[in-house]
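So the structure is just underneath, and the comments pick up after that.
Chain identifiers are assigned alphabetically (A, B, ...) following the order of the sequence lines, protein sequences preceding nucleic acid strands; residue numbering begins at 1 within each chain.
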Number of protein chains: 2
Amino acid sequence: MTVIAPPQGLTIAEASERTGLTTHTLRYYERDGLMLRGVGRTSSGHRVYTERDLTWVRMLTRLRATGMPIREVKAYAALCRSGDGNETERLALLQNHRARVLAQLAEVTEHLGAIDNKIGIYQSALERADA
Amino acid sequence: MTVIAPPQGLTIAEASERTGLTTHTLRYYERDGLMLRGVGRTSSGHRVYTERDLTWVRMLTRLRATGMPIREVKAYAALCRSGDGNETERLALLQNHRARVLAQLAEVTEHLGAIDNKIGIYQSALERADA
DNA sequence: CTGGCGCTTCGAGCGCACTCGAAGTCAAGC
DNA sequence: GCTTGACTTCGAGTGCGCTCGAAGCGCCAG
């Protein structure tokens with residue numbers, strides 16, 4: 001009935017539970033080359049997620065949640081995968097992303113200010129109507 | 001050659017220039033019911049944008065830029081269109097949106113902090129390598 | 001009066017990021 | 001040994017927000 005969690009590893013269902021991603025999405029990410037290395041398998045072919053895998057998935061989730069496109073996450077994964085010696089490139093990629101996120105935050109904050117004004121206008125109009 | 005800007009109005013090309021949206025997008029927004037009221041036409045059927053139209057488009061752009069889905073912008077437009085008396089609903093819609101944007105900003109900021117840590121790690125690793 | 005541009009409508013197509021369904025396999029419980 | 005159910009792969013489908021192309025019309029310059 002229950003699929004055995006293989007020694008030292010988690011099933012895809014457990015990985016899903018811990019990362020908040022669906023099993024479909026976890027498989028999709030692996031398929032698409034976003035994982036650091038292919039996820040391990042049991043003898044019967046079932047995926048085995050290690051803590052390292054989950055740590056990477058969480059990093060990946062942060063990059064995605066801040067708006068990094070899949071293709072760029074893939075590029076970052078490729079850099080990490082190819083081992084030592086390209087830390088400068090990885091740093092550049094992350095700094096680049098950071099700059100874009102900051103710009104985006106500033107833009108959204110500015111637009112939000114204007115929306116807040118609008119909210120204020122409706123509020124005082126309604127207060128005046130009450131009085 | 002140049003299309004006459006009709007008296008008291010702007011051509012779609014001028015509206016495009018002033019809003020930063022493409023003419024395709026401006027037409028799409030109108031088609032999709034995002035405009036407050038249908039944009040006016042010349043006798044030959046060309047669109048005529050007024051300052052009021054542009055003001056609305058700018059509001060619309062702010063809503064979109066802060067992540068409001070098209071269908072919700074449409075709902076907001078519908079409320080505004082149906083005249084006075086539903087200010088409470090409009091306010092609720094905007095406040096709802098505001099809350100989501102704030103949550104989103106907080107989330108992105110948190111993820112960005114973690115990414116910053118990663119950047120810091122790469123930086124100190126590279127500094128140590130230099131030394 | 002003709003060439004060409006910028007507009008018109010309509011509908012199809014695209015990129016992104018999933019999301020889902022079908023068909024099959026495998027280990028465990030009864 | 002048969003059922004069950006979580007897993008496997010593969011490929012197709014979805015939703016969003018544009019984005020683009022085709023075909024046609026009207027106005028003005030030459």
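- When the C1' atom of C:dA27 is taken as reference, atom CZ of A:Arg41 falls 18 Å away, rounded to whole Å.
- Proximity of A:Arg71 to the phosphate of C:dC16: a side-chain N or O atom is located under 4.0 Å from OP1 or OP2.
- Looking at heavy-atom distances under 4.0 Å, B:Arg27 makes contact with a base.
- Closest to the A:Ser44 side chain, of the nucleotides C:dC7, C:dC26, D:dT19, is C:dC26.
- Side chains of B:His46 and B:Thr11: no donor on one and acceptor on the other come within 3.5 Å.
- No more than 12 heavy atoms of other residues, nucleotides or ligands lie within 6.0 Å of CD in B:Glu17, so this atom counts as exposed by the packing criterion.
- Residue B:Ile115 is grouped with residue B:Leu126 when hydrophobic side chains (ILVMFWY) are merged at heavy-atom distances under 4.5 angstrom, including chains of intermediate members.
- For the pair A:Met68 CE and C:dC18 P, the computed distance is 14 Å after rounding to whole Å.
- As rounded to whole Å, 14 Å separates atom C1' of D:dC10 from atom CD of A:Glu30.
- Side-chain proximity of B:Pro69 to D:dG11, D:dG17, C:dC18: nearest is D:dG17.
- Here D:dT8 is the nucleotide among D:dC7, D:dT8, D:dC16 with the atom lying nearest to any side-chain atom of A:Arg47.
- For B:Thr11, the side-chain atoms get nearest to C:dC7 when compared with the rest of C:dC7, D:dC7, D:dT8.
- Comparing C:dC7, C:dC18, D:dT8 by their nearest atom to the side chain of A:His46 picks out D:dT8.
- Look at CG on A:Asp32: it is 14 Å from P on D:dC10, rounded to the nearest Å.
- When the side-chain nitrogen and oxygen atoms of A:Tyr29 are compared with OP1 and OP2 of C:dA17, none of them lie within a distance under 4.0 Å.
- If you check D:dT19, C:dC20, C:dC18 against the side chain of A:Arg31, the one that comes closest is C:dC20.
- For A:Ile12, counting side-chain heavy atoms from C-beta on, the closest listed nucleotide (D:dC7, C:dT8, C:dA17) is D:dC7.
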